[in-house]
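Notes to accompany the following structure.
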Amino acid sequence: SLHDALPILVTSSANRAGIQVGSGTEVTLDGVAAVGVSSSPTQLVGLKVDGGASSLKVLGCELTGNATAPYQFDTVPNFFTEANNRTGESTSVASGAGVTLPLMGNVFTITGTATISALAAQYPGRRVTLIFASTAVVGSTGSLKLVTNFNATVNSTLSLVSNGTNWSETSRSLNAA
């Protein structure tokens, strides 16, 4: 468990991650910074998870300014918890037939009017709220287990929870623009 500490491991120049997590029963990163800096070699990712950790908590960490991405997961642990992290990733996601949400964060703005017919699988227990910037439709099909199709209006919301394969609706709200 790391709390307001230095990275677990400064990796070789081949991996160039600020924090690298390999195997371990339970790993907690709390308030740790893995911020990319303009030095040589360049830090590619803030947090690299190789797999093998059965439980991972990433809480209040700073994972910004990295050359490639704020994080890279070879395998998402069975039990993954994240909250209040700063990744520098956009919280806006374009609508489309298949949508993949960033791994960290729980509130996303959906842009565009294309029908969403699939949402990529995520770790079990993940909860997200989608706020719509336009009039997209979310279909109750495949991995999307909704009461019925969701015909979004501007500022409407749809909340979902993942079981690791499917997404089930927990609430919806059709709000006025």
Side-chain angles (χ1 to χ4, degrees), residues 17 21 27 29 34-36 44-51 53-177:
V21 176
V27 178
L29 303 173
V35 179
L44 296 179
V45 296
L47 170 63
K48 184 172 187 320
V49 179
D50 295 328
S54 61
S55 175
L56 175 63
K57 295 178 184 175
V58 182
L59 310 169
C61 293
E62 176 85 23
L63 305 171
T64 60
N66 298 286
T68 304
Y71 50 83
Q72 176 186 335
F73 286 75
D74 291 344
T75 304
V76 177
N78 290 332
F79 301 99
F80 178 65
T81 305
E82 71 85 22
N84 303 317
N85 296 298
R86 291 171 303 285
T87 64
E89 286 184 300
S90 175
T91 58
S92 292
V93 178
S95 62
V99 171
T100 301
L101 299 173
L103 188 60
M104 293 192 187
N106 57 6
V107 177
F108 300 96
T109 300
I110 303 299
T111 62
T113 59
T115 296
I116 299 170
S117 55
L119 197 57
Q122 294 276 327
Y123 57 89
R126 178 155 194 211
R127 293 179 175 273
V128 297
T129 298
L130 308 178
I131 301 172
F132 291 82
S134 195
T135 57
V137 173
V138 181
S140 181
T141 181
S143 65
L144 289 165
K145 309 302 180 189
L146 310 180
V147 173
T148 185
N149 287 351
F150 182 69
N151 298 302
T153 58
V154 174
N155 294 324
S156 61
T157 64
L158 178 64
S159 295
L160 306 163
V161 63
S162 173
N163 68 2
T165 303
N166 296 315
W167 289 91
S168 296
E169 177 179 347
T170 58
S171 68
R172 63 172 66 194
S173 177
L174 292 171
N175 299 318

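Any value given below was found using the heavy atoms of this structure, including those in side chains, with hydrogens, waters and symmetry copies removed. A quick note: this is a predicted structure, and the numbers were derived from the prediction, not measured.
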side-chain hydrogen bond (donor to acceptor under 3.5 Å, both in side chains) partners of residues 139-158, not counting sequence neighbours, each pair once: none
Any pair counted as side-chain hydrogen bond (donor to acceptor under 3.5 Å, both in side chains), so long as it reaches residues 93-111, sequence neighbours left out: none
Show which side-chain atoms of residues 112-122 pair as donor or acceptor with protein atoms under 3.5 Å away, not counting sequence neighbours.
unit_1	atom_1	unit_2	atom_2	d
Ser117	OG	Ala97	O	3.0
Gln122	OE1	Arg126	NH1	2.8
Gln122	NE2	Leu101	O	3.4

Closest non-hydrogen atom pair between Ala34 and Gly46, with its separation: CB-O, 3.2 Å
Residues in side-chain hydrogen bond (donor to acceptor under 3.5 Å, both in side chains) contact with Thr81, at least two apart in sequence or another chain: none
Residues Asn85 and Thr87: side-chain donor-acceptor under 3.5 angstrom: no
Distance in Å, Leu56 CG paired with Leu47 CG, rounded so as to fall on 0.5 Å steps: 6.5 Å
Exercise: identify the closest heavy-atom pair between Ser162 and Thr165: OG-N, 4.2 Å
Side chain proximity check, Leu63 to Met104, heavy atoms < 4.5 angstrom: yes
Tyr123: partners by ring pair (Phe, Tyr, Trp, His ring centres under 6.0 Å), with sequence neighbours left out: Phe80
Min side-chain heavy-atom separation Asn66-Tyr71 under 4.5 Å: no
More than 12 heavy atoms from other groups under 6.0 Å of CG on Asn84: no
From CG (Leu103) to CD (Glu89), nearest 0.5 Å: 8.5 Å
Any residue meeting salt bridge (charged side-chain N to carboxylate O under 4.0 Å, His left out) with Glu82, in chain and number order, not counting sequence neighbours: none
Pairwise side-chain contact, Phe132 with Val138, heavy-atom cut-off 4.5 Å (strictly under): yes
Spatial distance of atom CG (Leu146) from atom OG1 (Thr170) [nearest 0.5 Å]: 10.5 Å
